[in-house]
Each structure stands twice: as structure tokens, then as C-alpha cells.
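The block underneath contains the structure these notes are about, expressed in C-alpha cells.
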Amino acid sequence: MSGLIAFWNILKKDIRNYYLKPPNISWGIIFPLSWTLMQIIRSPGDLDIMELLPGLMGMSVLFGTTSMLAVTITFERKGRSFERLLLAPIGLNTLVLAKISGAVMFGIFNAFVPLVLASFLTDLSGINWTLVILGVFLVAVSSTLLGLMVAVSVQEVFEAQTLSNFFRFPMLFLCGLFVPIERLPAILKPLSFCLPLTYGTDILRASILGSSLMNRYLSIFMMFVFIGILFYLSRRNINRKWIL
Amino acid sequence: MAIVKVTNLKKAYGDFYAVNDISFEIQAGEIFGFLGPNGAGKTSTINILIGLSRPSGGQIEIHGIDVIKETKKAQSIIGVVPDESNLYDEMNGFDNLCFCASLYGIGKEEREKRAKDLLKLFELDGVAERPFKHYSKGMRRKLTIAAGIIHNPKILFLDEPTTGIDVESAMQIRDLILALKKEGKTIFLTTHYLEEAERVCDRIAFIVKGKIVKISTVSELMEEASPDYRIKLKVSGNLHSIRDKLDNEFDDARMEILDETSCLFISKEELSLYPIIESLNKKGIAVYEAKEIKPSLEDIFVKITGIGKSNGRVVKDK
Ligand SMILES: Nc1ncnc2c1ncn2[C@@H]1O[C@H](COP(=O)(O)OP(=O)(O)OP(=O)(O)O)[C@@H](O)[C@H]1O
Ligand SMILES: [Mg+2]
């Protein structure tokens, strides 16, 4: 019970202090919007919104979660308020889960921004909603954990930002968000399959377009494997690096 | 009863020992002071005791709990006030306190009540709604102390509670610390102000370069440092000319000339003032003032640690 009170209040504080702040909310909106606009300018007329949607959603989640968690944790560690969390009689797992949950929820919210916008422009009735929700959730969790990995690897806020980008921008191109993996140069392909977002995007493609590169169950399975590995690694590093 | 037991505690950073094999016990209900110069290892020790840092060796028991094995259990009965505030800048005083209480599993109604009470006690109720980042230094320190005790801990760790704040706030904080002791809390505090240690601590451990060089009560320390009785006199007249004559006159006391207008009488026994003044008067020296001189903790510190006052590492209270 007392763990639950702590969990809920950490989550609530993060949402209020970080995720509901206007500059942060705009991340999830500005980025997909400008990308869509770019596509429209590049090839006006024959724009297939459905075709764009899985990539846009993946991107919104990726950009909404990774740096948010990395930056807020690093920020709190610099300001030392993070010590307060480490000093509280709550398990490290509860603490990490509380921290992750805010970012995951934020990521999920971000994913639905392009979806809602698309609903004004096209017919979304063919979408497998259960699979969309599952896919978005898995992408959000894995991207958040990536942010956590960044957070435990750096000391400074600007490092958190830089390191997040170091992962994110290559992932935009390697994970089939905009360039289908089939069309990537052969030497880059193996790299794609080492990244969780590749599988996440494929789940989103399956749910929105009905066609995908891999079997959707395999992709879901792979996402769980990545999430497990990332959680384990972060948790191990946290133990080593946050308690000096 | 010892409520904190520390045995052979060590902390190495690389091959440098910030804490080098220290052992001590804190009795329930006492204020135990850790006194040492900058870099002595005070904060390093506290951080290990509160579970923020892992020791390189040794044992810690708090209230019967092995802190190294059951850190979280131990953390539920301790309160911590770090040397720098660790509250949330964007949140106001009231929300900060409520949030801290929630981390200890305290329900909404109860934590709001406690937060209000503490804000009142610390005279911060006027700024309860102000964001923490707009607090003054003294207010910040007070709110940090309030946050450290909101879950009603048995033992409170304070790292330099009065460093960097003005005399009045420091006095308020010392009074608060003494009030907490009256409530039955055990308090561990670090300081490099000798007078603070003297004023609030029951016992003091001197720590220098990661080692405890002495643990003692304040009064024991005083006695040990200087068993002699000293009187300082302010005078006018030529002290040097009468020096030899005086030495013969009082065989159990000796005189030290401090400067042109003051001298010191030192004796094993308590000295009677009148004969001294009379004798000085007869030799043409007027006495304006007489004062018993007690050894200061600073003298004791210098004596025990060999660290001089002049190198600026030991700071005396304003
Ligand atoms: N994380 C760390 N890595 C390396 N050395 C450290 C670390 N933390 C502390 N030290 C060193 O350990 C020694 C003790 O530091 P500590 O902060 O415990 O001193 P202190 O007694 O609290 O001093 P002050 O009065 O200045 O607060 C110092 O020499 C410090 O440089
Ligand atoms: Mg210190």
C-alpha cells in the first residue's frame, strides 16, 4: 500500500512537472506535423496518409519518450532531488516503474496525435485497433527504456539530449519508419534487426495497413525480448551507478 | 542503548580512502556531532549511513537493522537533511512537503496536515505557496529540515545544517535541533563550526582525513585539553619590569605576558584574585579587568588534530 502511494505520487508529480508543460506537449505534435508537411511539399497530390501513419506514430513516440525520460532524470539528478527518491523506503523497481510510467503514458498520448489528425483526412475504419494499441504500447515502453539507458549513462542534461539524438536519428531511418527496410542498403539491414523499433514499426504497419514484413506474433515476441533486456540492463546499471 | 552502531567503516574512491576504518556508536536520544575540516569524510560517512553510497568495508546497524543488507527497511526510520537542498525547485513549499511524505506511504489527509503543521513550526506558512526556487537560503534550509522529519523518523541525519546561512537563522535551526532532541529523536550532525558542536552536541567525534581521532563528551574534552586554571588580566604599567618579582611571590602560579596591556595567570588550583591585584597595585600596575579563560573547542581541536587555525581549514563560528 505504501509503495502504491509513493508510486502514484511520483507519477503524478512527473506528469504535472514535466509532461503537461506546454513546450513538452508540443514535441509530439510539431514533429509529426512538420514531417507530414514536408511529404506533402515533396510529392503533392499522391500522398497516402495511411502509408505515412505507422512511421509518423512511431516517430512521435520515439521523440516523445526517449529524451523526455533521459532529460528529466538527469535534471533531477543534477538538482539532487533524485536523491530524495533514492532515500525513500521504496524499492528501486517501484521507483523505476514510476519514472517509466509517466514517459510511457506521454509516448502513448503522442502516438495518437497523428492518428487523430489523420482521422480528419481519411477513413480509418480498416485499422486493427487492438493491435494498434498493443504496438504503440510496446514502442512506448521500449523507447522509454532506451531513454532510461541514456539517463543512467550520462551526468549532464546536455549529454542526455545529445546521446538520445545519437540513437534516435539513425533509428528514424534504420527502423522502417520512412524508408522500408527492404530498400535499405544490404550492410545496414542486419543493424535494423537489432533495434526494437524495427519490430514495433512492423506491428504498427500490420495493424494499420494490414501488411507487414514479419509475422506480427514474432514482432510482438521480439518486442518483449528487447523490453526484458533493456529493463534488466538499466536496472543493473542503476544499481551500479546511482548508489555510488 | 546504542541506536546506531558503525564498525570498521571504510569508503575508498579508487585507492584513496575518504573514510578510513571508523567505528562509533550513537546512543538513543543523543545529539552526536561529527566535527572535521573540509574533505575530512563527513559527507562520505553520512551518505553510507543513509544508504546513498556503498561502503568498501565495515558494518552499520541502525535500530537493529543491517543497513547494507536491508537498506530500504532502515531508510523508513531515518530522516536526512543533506548539505544542499534536494527539494523540487518548481514546486511550492507545501507541495514539496506533501510529496516527500507520500514517498513514505503517508496518506493524503495525514500528509497535508503534517505539512501544514511543519510549515507553521518553521515559520514558513507565509511562503507555503511560493515555488521553492524563490526561497531564500535560510528558508530553503528550514524547508529541507521539515522535509527530513515529515515522516517522523527515529533518527535524523543533518549534514552541516547551519553552513551558509545568517546568524539568526542558524540560531533558529540550532533551537529546532534541540527541540527535536527533546521530542526523543536521535540526531547525527556534521559541522565544521566548533561552537555549534559545543552548543548542541552531547558527544563529538573529531574526524580528520577519514579517521576518527577522538570521541568524547564536550565537558570531558574541555577538561582534558587544559586542566589548568587561567585568569586573564587587563592592566596598565610596565609588566616586564615586575615579572621576576611576581614569580617569586606566587609559587603555585605563573604569569605569562600576552602584550603590553594584558597578562595571564596560570595555576593548577583555583586562584584568588585579591592578592594578585593587591600585589600588582603595590608595584604600580593598575588592573582594569579580570576574566577566567576556558579552553575553546578550537584549542582542543588544534591540540588533538595538529591542524592549525591559520591555514583556514578550521572555521570558527562567526
Ligand atoms: N564521488 C567521489 N569520488 C572521488 N572522491 C570523492 C567522492 N566523494 C568524495 N570524495 C573525496 O572524499 C573526501 C571526503 O569528502 P567528503 O565530502 O566526505 O568531505 P566532508 O568532510 O563532507 O567535507 P566538507 O566539510 O567540505 O563537506 C574528499 O577528499 C573528497 O574529494
Ligand atoms: Mg560535506
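The basis for the numbers below is simple: all heavy atoms, side chains too, and nothing from hydrogens, waters or symmetry mates. Values in this document were obtained by computation on a predicted structure and should not be read as measured data. In what follows, chains are A, B, ... by sequence order, proteins preceding strands, each numbered from 1.
Interface residue B:Ile106: only backbone heavy atoms are found under 4.5 Å from chain A. Only the side chain of B:Lys11 has a heavy atom closer than 4.5 Å to any heavy atom of chain A. Residue B:Ala101 does not touch chain A at all, counting heavy-atom pairs closer than 4.5 Å. With a threshold of 4.5 angstrom between heavy atoms, B:Cys100 approaches chain A through side-chain atoms but not through N, CA, C or O.
A distance of 13.0 Å separates OH of B:Tyr88 from CZ of A:Arg16, quoted to the nearest 0.5 Å. One finds the CG atom of A:Leu86 at 11.5 Å from the OG atom of B:Ser53 (value rounded to the nearest 0.5 Å). Between the CH2 atom in A:Trp8 and the NZ atom in B:Lys108 there is a gap of 11.0 Å [rounded to 0.5 Å]. To the nearest 0.5 Å, atom NZ of residue A:Lys13 and atom OG of residue B:Ser102 are 10.0 Å apart.
Residue with the most contacts toward chain A among B:Glu84, B:Glu90, B:Arg54: B:Arg54 (heavy-atom pairs, distance under 4.5 Å). Interface summary for chain A: among B:Met91, B:Lys73, B:His151, the most heavy-atom pairs under 4.5 angstrom belong to B:Met91.
Residues passing the ring-ring contact (aromatic ring centres under 6.0 Å, His included) test with B:Phe132 are B:Tyr135, sequence neighbours excluded. Contacts of B:Glu61 classified as side chain to side chain donor-acceptor pair (under 3.5 Å), with partners at least two apart in sequence or in another chain: none. Applying the side chain to side chain donor-acceptor pair (under 3.5 Å) criterion to B:Ser85, with sequence neighbours excluded, gives B:Thr144.
The environment of A:Phe166 atom CZ is sparse: at most 12 non-hydrogen atoms of other residues, nucleotides or ligands sit within 6.0 angstrom. Enclosure of atom CZ in A:Phe178 by more than 12 non-hydrogen atoms of other residues, nucleotides or ligands within 6.0 angstrom is indicated. In the displayed structure, B:Lys154 atom NZ is contacted under 6.0 Å by at most 12 heavy atoms of other residues, nucleotides or ligands. In B:Glu109, the CD atom is not crowded: 12 or fewer heavy atoms of neighbouring residues, nucleotides or ligands sit closer than 6.0 Å. More than 12 non-hydrogen atoms from other residues, nucleotides or ligands lie less than 6.0 angstrom from OH of B:Tyr13. Atom NZ of B:Lys120 sits in a sparse spot, with 12 or fewer heavy atoms from other residues, nucleotides or ligands closer than 6.0 Å. Within 6.0 Å of CZ on A:Phe221 lie no more than 12 heavy atoms contributed by other residues, nucleotides or ligands.
Here the rule is side chain to side chain contact (heavy atoms under 4.5 Å, CB included) with B:Leu103, and of A:Ile10, A:Asn9, A:Leu95 only A:Ile10 fits it.
A donor and an acceptor atom, one from each side chain of A:Arg84 and B:Asn96, are nowhere located under 3.5 Å apart.
Judged by distance alone, with hydrogens and angles left aside, the side-chain atoms of B:Lys72 form no donor-acceptor pair with the main-chain N or O of A:Leu87 at under 3.5 Å.
Residues of residues 75-83 of chain A lying under 4.5 angstrom from chain B, judged on non-hydrogen atoms, are A:Phe75, A:Glu76, A:Gly79, A:Arg80, A:Ser81, A:Glu83 by number.
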